[in-house]
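Hydrogens, waters and symmetry mates play no part in the numbers below; they use all other heavy atoms, side chains included.
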Amino acid sequence: YDQINYDLRGLAFVHNEISNLYTSMQTVDRLVPSFFKVTFAGLGFPNSLRNKIFIFEGMPFEHITSMSNRLLKLHHGSSIIQKFEQLEELTIQPKMGKFIHLSSVEPQLEMSNEFQSDKHRKSKFNYKTWLYIENRNMKTFSSSRKLPGGSSITDLWVDEYTYETVSTFPTLMNRSEVRTVRKTKLSPLENALRSLRIKVQELSGLADMCDKVVRGHDDQSVWFNELSRNLSGTVDAPVNGGMTQYREFLEEPRASQCTTADLNSLTKAFSDLALVLAHCLNVHREMLPSEQLKDSHNMLVQLFKRNFLP
């Protein structure tokens, strides 16, 4: 329209459609898919797959077991290996057969320093705008492995693996080969920030899905149980577990060992988690199948107030 036939009416129509797409991003519900790192090993695979790493796009909230079953149906005669050490051994010394190793990965955000430093601008965004930010130009993913030697959350170091794909998601084949792999050692505080941000993303997507189910008058039992399980595991403070354990970094003597910027980032992450938990509890109340479960809901509310409200 702009350089060949100079059809200004058509050019205006195209730009209007693009404008409608950007406007709908703040109103239309979109579900965040799950992503998995899949590695093919063994001499039974062709050279196009053998010892290569791919990122697969799964369905929203798809469990790793479901993806494993789909891969086994797609690659007949394959077997799933669970341990990373087994994969490393097969890579160094290939064996006859087909072996598949898969693990969950999380998309990594790419935001400019100017945006991250502008707190006023970030506070104006709603959840659907954040979905657009988190899912645009998606080609970088990460996973982590705990390093031995840590006795508590305050001295737990992890290795973070970052995978960059050839193609940007979403793709036509729902998969893309990994181009580069980087390994970074994360400090206990960096691991705490990463865990909190992943939990906020998971709960936000789950709440959005439950909202859609409620408005669509669909069967709510499966999603109500999923929401209840996630809320119970987050608002409660089990021994040696739960999101609240990361508060140790905000208390002495750990707080004096952290920089002001790190403490502010951790405080902001806890605030984001509290906000999304409050929203999830409201959705949970709307989804109660009967008043008999009201007591269990009220217990979740009390746990939330005790562990997350100032």
Side-chain angles (χ1 to χ4, degrees), residues 1-36 54-62 105-142 162-180 197-198 200-220 223 227 268 271-273 275-276 278-280 282-283 286-287:
Y1 295 125
D2 188 28
Q3 298 181 4
I4 298 177
N5 57 14
Y6 302 101
D7 182 359
L8 298 184
R9 188 184 299 274
L11 184 63
F13 171 78
V14 170
H15 278 285
N16 185 62
E17 291 298 305
I18 294 175
S19 174
N20 291 335
L21 286 174
Y22 276 104
T23 303
S24 67
M25 287 179 180
Q26 299 199 51
T27 57
V28 177
D29 292 323
R30 299 185 309 279
L31 301 181
V32 179
S34 303
F35 293 93
F36 303 90
F54 293 84
I55 298 296
F56 277 70
E57 178 182 343
M59 296 177 290
F61 305 104
E62 183 172 13
V105 294
E106 298 292 335
Q108 278 201 335
L109 306 186
E110 294 184 2
M111 294 182 289
S112 64
N113 294 329
E114 292 79 5
F115 169 79
Q116 297 196 48
S117 61
D118 193 339
K119 297 181 179 180
H120 177 68
R121 185 187 304 170
K122 292 168 66 176
S123 64
K124 296 188 297 183
F125 291 157
N126 60 19
Y127 169 63
K128 292 182 174 60
T129 305
W130 274 112
L131 271 184
Y132 165 72
I133 295 173
E134 293 174 353
N135 292 277
R136 65 171 188 162
N137 301 327
M138 191 183 299
K139 60 186 306 182
T140 308
F141 303 83
S142 67
T162 304
Y163 309 94
E164 183 180 352
T165 57
V166 175
S167 304
T168 302
F169 285 87
T171 64
L172 186 62
M173 300 298 294
N174 291 334
R175 76 173 191 182
S176 178
E177 185 178 352
V178 172
R179 176 173 17 198
T180 59
R197 287 166 180 165
I198 290 176
V200 168
Q201 185 176 1
E202 290 176 353
L203 290 174
S204 298
L206 182 57
D208 201 53
M209 180 63 193
C210 291
D211 270 333
K212 185 175 181 180
V213 170
V214 170
R215 290 196 300 270
H217 304 288
D218 299 326
D219 182 18
Q220 302 180 13
W223 293 107
L227 182 60
K268 178 64 167 58
S271 299
D272 292 341
L273 181 60
L275 288 173
V276 73
H279 177 54
C280 287
N282 290 333
V283 176
E286 294 181 18
M287 297 181 70

Item checked: N/O donor-acceptor pair under 3.5 Å between Thr162 side chain and Ser142 backbone -> no
Margin query: Looking at Ser19 and His15, would you say the former's side chain and the latter's main chain have a donor-acceptor pair under 3.5 Å?
Written below: no
Non-hydrogen atoms of [X] and [Y] that approach each other most closely:
X: Pro60; Y: Ser34; result: C-OG, 4.1 Å
X: Met287; Y: Val214; result: CG-CG2, 3.5 Å
X: Val166; Y: Lys139; result: O-NZ, 4.0 Å
X: Cys280; Y: Leu203; result: SG-O, 3.7 Å

Next item on the list: Classify the angle between the aromatic ring planes of Phe141 and Phe35 as parallel (below 30°), tilted (30 to 60°) or perpendicular (above 60°).
Entry: tilted
Note to self: Among residues at least two apart in sequence or on other chains, which ones pass ring-ring contact (aromatic ring centres under 6.0 Å, His included) with Phe61?
What the structure shows: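 Once residues adjacent in sequence are excluded, the partners of Phe61 under the ring-ring contact (aromatic ring centres under 6.0 Å, His included) criterion are Trp223.
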Check: [Y] and [X] side chains under 4.5 Å, non-hydrogen atoms:
X: Ser176; Y: Phe54; value: no
X: Glu17; Y: Asn20; value: yes
X: Val105; Y: Phe36; value: no
X: Glu177; Y: Thr165; value: no

Check: Residues in side-chain contact (heavy atoms from CB on, under 4.5 Å) with Ile198, at least two apart?
Finding: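 Result, side-chain contact (heavy atoms from CB on, under 4.5 Å) vs Ile198: Glu106, Arg194, Glu202.
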Next item on the list: Taking salt bridge (Lys or Arg N to Asp or Glu O under 4.0 Å) as the test, write out the residues that go with Glu62, two or more places apart.
Entry: Arg70
Rounded to the nearest 0.5 Å, what's the gap from [atom1] on [X] to [atom2] on [Y]? Could you check?
X: Glu57; Y: Met173; atom1: CD; atom2: CE; result: 12.5 Å
X: Cys210; Y: Arg215; atom1: SG; atom2: CZ; result: 11.0 Å
X: Arg197; Y: Asp272; atom1: CZ; atom2: CG; result: 9.0 Å

Check: Picking from Asn282, Val283, Leu206, what satisfies side-chain contact (heavy atoms from CB on, under 4.5 Å) with Asp211?
Finding: Val283
Notebook entry, point to check: So which of Thr140, Thr171, Asn174, Val178 actually passes side-chain contact (heavy atoms from CB on, under 4.5 Å) with Ile55?
Noted result: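 When Thr140, Thr171, Asn174, Val178 are each tested with Ile55, the side-chain contact (heavy atoms from CB on, under 4.5 Å) holds only for Val178.
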